[in-house]
Amino acid sequence: MYRSHTCGELRQEHAGQEVTLAGWVHRRRDHGPLIFVDLRDRYGITQVVFDSASPEVHAVAEESRSEYVIQIRGLVRSRPPEAHNPDLSTGDVEVVALSASVLNPARTTPFYIAKEGGEEESLRLKYRYLDLRRERMQRNMILRHRVVKFMRDFLDAQGFLEIETPILIKSTPEGARDYLVPSRVHPGEFYALPQSPQQLKQLLMVAGYDKYFQVARCFRDEDLRADRQPEFTQLDMEMSFVEQEDVIHLTEQLFTELCAAVVPHKRVPTPFRRLTYAEAMERYGSDKPDLRYDLELVNLGDLLASTPFNVFKGALESGGQVKGLRAPGCAGYSRKQIDELTDIARGSGVKGLAWAAIPADGGDVRSSFAKFLGEGELQAIIARLEGQPGDLLLIVADRPGLVATTLDKLRREIAERLKLADPNVLNFSWVVDFPLLEWNPDENRWDAVHHPFTAPQDEDLPLMTSDPGKVRAKAYDVVLNGYEVGGGSIRIHRRDVQQQLFDLLGISQETALSQFGHMLEAFEYGAPPHGGIAPGIDRIVMLLADESTIREVMAFPKTQQAADLMTNAPSEVDERQLRDLHIRLAK
RNA sequence: GGGCCCGUAGUCUAGCGGUUAUGAUGCCACCCUGUCACGGUGGAGAUCGCGGGUUCGAAUCCCGUCGGGCCCGCCA
């Protein structure tokens, strides 16, 4: 045994005991004949005292440097009354070294372990094993463990079974780009890594495992973002004999109890608010709005039906929208600040941003567009937006999609500037009634918004033939503080409905059979009604940890170019390996 | 595929056409018996990401390239 205790556990009551500790040298305070070493492991820090009265022991402390791994045997004693350290959990005691040895020396680390912050993230990623020693990453890894442990315990208590599904599976064309794995045994053929275990969990329902879950690694070969990595982890769940309401209820209970258990200092409003997709887009311009603050978008189109202002008029005449957003107390924004907002708007693709500032002192409204408006229109706009003295009004006119994207971005920007989002609130909500299909003008067919096994809502079934774009799906997303943290649906279990959907998606009999034959066949052997959801663990932990990227809650994440800076993956491989796989590289 | 931002000792950072390239911290040596971001004295440490160009002169300006970040597209 290298140690009798960890560096986080000694207390006043251990005084007088002889203990053995092992850990890393966190800091060393060398007073010559007296040296203090803060010994660190993942449990905490304990102060060890080396006195020159024992020269051999003292010599070990003298040669030790930061991050040396050392072992000491010593006597726990109460610190002198004036020397207690309230910042350490072990701060009432110290260990007087009786013997000591260096288990392994350490080079000077490329960044401080003891003091965090400031370094380029790429440096932290290159030396991730050092970064992981630090408190921030340790806290995040521990939180992540607790989250996953809670999920497992919760679902186990609810009667769920955790079942593993393969990582090497069949590639299917729709959805995200697959990561492919060449087969050595079958020249020219490939496996895909799962984008999610979607089909497999549905087959488990056919098999009668009516409550399934898995902490499932998922792979998508798409471009990265702060909240998107090429591999990520979902709490994949599926249940038989459930309706949408059952899945929502269970998930809500899971999240509520999870947060109470692991982040008790945060407030979770319950029940979770519910928005339809149409309502979310209308009021927030987003299907994942941050509901910690209001700042709702307001439609102005009807007020401007006969406006002479060409920008508004043109947008409305071509089927677009004019919508606005009230930025409370921002009337004093400088030209520069307004230009920044305009740049943000342009960045989403609109041509410009119309604005009006209502001075707090009751003076004349400053505005970029009032002079182009008709009689009374400015007053009508201000009234509709409920503009008060001191407010800045932001207005966008364009195609509905662009108006939504732009005002969503401006809404988040204003909230950020005004610090409207309470960091200690976890505002979960449900977005429901997603459309089942969206028109794909490039391919001249319908695409599944969720996936091709998502069930349409019963009362919309007649629309499948008459107006497919209006069909709502039994699909639901759970949204947290502006992030989609989970999505799911009730699946189609009727063969005729499935066929109808394939027809709309332009999937031929032959394609359906070759791509989904196993599913269709399975569903002919008694498929129970079923549905599920897949919360994204990385994003949830990120939000619980108050981090702004999921990289901070992953042990070994990849860069935006999908590279691992520590191992230098991806990398070239031997000619021999390629030959085994029957692969020749295109020059 | 596109837009924007960043790259200077181990680390963070100042400098933005002429400096001996700034400071902090870390590192090394010596001194110090109650520190806990210990303190004190001294020292070493930088092909200014890389390549090319403009210029009498480039860390500084221009072009390219590499790496990193944020975003758009993409992400059933």
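Chain identifiers are assigned alphabetically (A, B, ...) following the order of the sequence lines, protein sequences preceding nucleic acid strands; residue numbering begins at 1 within each chain. Please read all numbers here as calculations on a predicted model, not as lab measurements.
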- request: Report which part of the nucleic acid A/Lys115 touches: base, sugar-phosphate, or nothing (heavy-atom distance under 4.0 Å, all strands).
  value: nothing
query: What does A/Glu120 touch in the nucleic acid at a heavy-atom separation under 4.0 angstrom: a base, only the sugar-phosphate, or nothing?
result: sugar-phosphate
- prompt: Is there a Watson-Crick or G-U wobble partner for B/C61 with both distances under 3.5 Å, and if so, which one is it?
  reply: B/G53
- line: Which of B/G69, B/C12, B/C75 is nearest the side chain of A/Glu222? It is B/C75
message: Would you say CZ of A/Arg79 has more than 12 non-hydrogen atoms from neighbouring residues, nucleotides or ligands within 6.0 angstrom?
response: yes
task: Classify the angle between the aromatic ring planes of A/Tyr129 and A/Tyr127 as parallel (below 30°), tilted (30 to 60°) or perpendicular (above 60°).
output: perpendicular
message: When the P atoms of B/U47 and B/C12 are compared, how many Å lie between them, rounded to an integer?
response: 15 Å
- request: Take atom C1' in B/A21 and the same atom in B/U13, then report the distance between them in whole Å.
  value: 12 Å
N/O (side chain, A/Arg228) to phosphate O (OP1/OP2, B/C72) under 4.0 Å: no
query: Taking for each residue the nucleotide of RNA chain B bearing the nearest heavy atom, is the 5' side occupied by A/Asn85 or by A/Leu123?
result: A/Leu123
message: Any donor-acceptor pair under 3.5 Å linking the side-chain atoms of A/Glu547 with those of A/Asn140?
response: yes
field: Minimum-distance nucleotide to A/Arg77 side chain [options: B/C71, B/G34, B/G68]
entry: B/G34
Sugar-phosphate, base or nothing in reach of A/Gln198, heavy atoms under 4.0 Å: base
task: Provide the distance between the two C1' atoms, one in B/U22 and one in B/G53, to the nearest whole Å.
output: 29 Å
- prompt: Reckon A/Val49 touches a base, only the sugar-phosphate, or nothing at all at heavy-atom distances under 4.0 Å?
  reply: nothing
task: With heavy atoms under 4.0 Å as the rule, sort A/Asp447 into base, sugar-phosphate or nothing.
output: nothing
- request: In whole angstrom, give the distance that lies between atom CZ of A/Arg220 and atom P of B/C75.
  value: 10 Å
field: Electrostatic pair A/Lys336:A/Glu340 at N-O distance under 4.0 angstrom
entry: yes
query: If you check the A/Ala83 side chain, which of B/G34, B/C27, B/G69 turns out closest?
result: B/G34
message: Please determine whether a side-chain nitrogen or oxygen atom of A/Arg27 lies at a distance below 4.0 Å from atom OP1 or OP2 of B/C38.
response: yes
Partner nucleotide of B/A29 by Watson-Crick or wobble geometry (both distances under 3.5 Å): B/U41
field: Polar side chain donor-acceptor pair, A/His518 to A/Gln199, under 3.5 angstrom
entry: yes
- prompt: Can A/His31 be classed as stacking with the base of B/C38, given a centroid separation cut-off of 5.5 Å and a plane angle cut-off of 30°?
  reply: yes
- request: Starting from C1' on B/A9, measure out to OH on A/Tyr112 and report it in whole angstrom.
  value: 12 Å
task: Name the nucleic acid region contacted by A/Leu565, choosing base, sugar-phosphate or nothing; use a 4.0 angstrom heavy-atom cut-off, strictly under.
output: sugar-phosphate
Whole-Å distance separating the CG atom of A/Asp131 from the C1' atom of B/U11: 13 Å
message: Can you tell me if A/Arg225 touches the phosphate of B/C72, counting only side-chain N or O atoms and a distance under 4.0 Å to OP1 or OP2?
response: yes
message: So if I take every side-chain heavy atom of A/Arg65 and compare against B/C36, B/U11, B/C28, which nucleotide ends up nearest?
response: B/C28
message: Measuring only the C1' atom in each nucleotide, how far is B/A44 from B/C28? A whole number of Å is fine.
response: 7 Å
message: For a quick check of understanding: with a heavy-atom distance under 4.0 Å over all strands, which category does A/Pro80 fall into, base, sugar-phosphate or nothing?
response: base
task: Scan A/Asp343 against the nucleic acid and name what it touches under 4.0 Å (heavy atoms): base, sugar-phosphate only, or nothing.
output: nothing
message: Below 30° counts as parallel, above 60° as perpendicular, anything between as tilted: where do the rings of A/Phe434 and A/Tyr277 land?
response: tilted
- prompt: Over how many whole Å does the gap from A/Glu63 atom CD to B/C28 atom P extend?
  reply: 12 Å
Whole-Å gap separating P (B/C4) and CD1 (A/Ile344): 15 Å
message: I'd like to know if A/Tyr127 reaches the base of B/G10 with its side chain such that a donor and an acceptor end up less than 3.5 angstrom apart.
response: no
message: Under 4.0 Å between a side-chain nitrogen and a carboxylate oxygen: does that hold for A/Asp447 and A/Arg445?
response: yes
field: Position toward the 5' end of RNA chain B (nearest nucleotide), A/Ala226 or A/Thr108
entry: A/Thr108
- request: Under 4.0 Å between any heavy atoms, over every strand shown, what does A/Arg551 touch: base, sugar-phosphate, or nothing? Just pick one.
  value: sugar-phosphate
- prompt: Can you tell me how far P in B/G64 sits from the matching atom in B/G57, rounded to whole Å?
  reply: 23 Å
message: At less than 4.0 Å, is any side-chain N or O atom of A/Gln47 found next to OP1 or OP2 of B/U35? Yes or no.
response: no
message: Give me the distance, rounded to whole Å, that separates B/C30 from B/G68 when you measure between the P atoms they each carry.
response: 42 Å
message: What's the closest nucleotide to the side chain of A/Arg79 if the choices are B/G34, B/U11, B/C36?
response: B/C36
- prompt: Is A/Phe36 stacked on the base of B/U35, with ring centres under 5.5 Å apart and planes under 30° apart?
  reply: yes
- prompt: Around atom CZ of A/Arg29, are there more than 12 heavy atoms of other residues, nucleotides or ligands at under 6.0 Å?
  reply: yes
Minimum-distance nucleotide to A/Thr549 side chain [options: B/C70, B/C74, B/U11]: B/C70
message: In whole Å, measure the gap between the C1' atoms of B/C6 and B/C27 for me.
response: 27 Å
field: Distance, P atom - from B/U8 to B/G69, rounded to whole angstrom
entry: 16 Å
query: When you look at A/Asp30 and A/Arg28, which way does the salt bridge (charged side-chain N to carboxylate O under 4.0 Å, His left out) test go after all the steps?
result: CA-CA 6 Å; A/Asp30 186 346; A/Arg28 194 179 67 118; 3.7 Å; yes
message: With a 3.5 Å cut-off and heavy atoms only, can you find an N or O donor on one side and an acceptor on the other between the side chain of A/Arg29 and the base of B/C32?
response: no
- prompt: Among B/C75, B/C74, B/U35, which is the nearest nucleotide to the side chain of A/Asp223?
  reply: B/C74
- prompt: Just checking A/Glu94: base, sugar-phosphate only, or nothing, at a heavy-atom cut-off of under 4.0 Å?
  reply: base
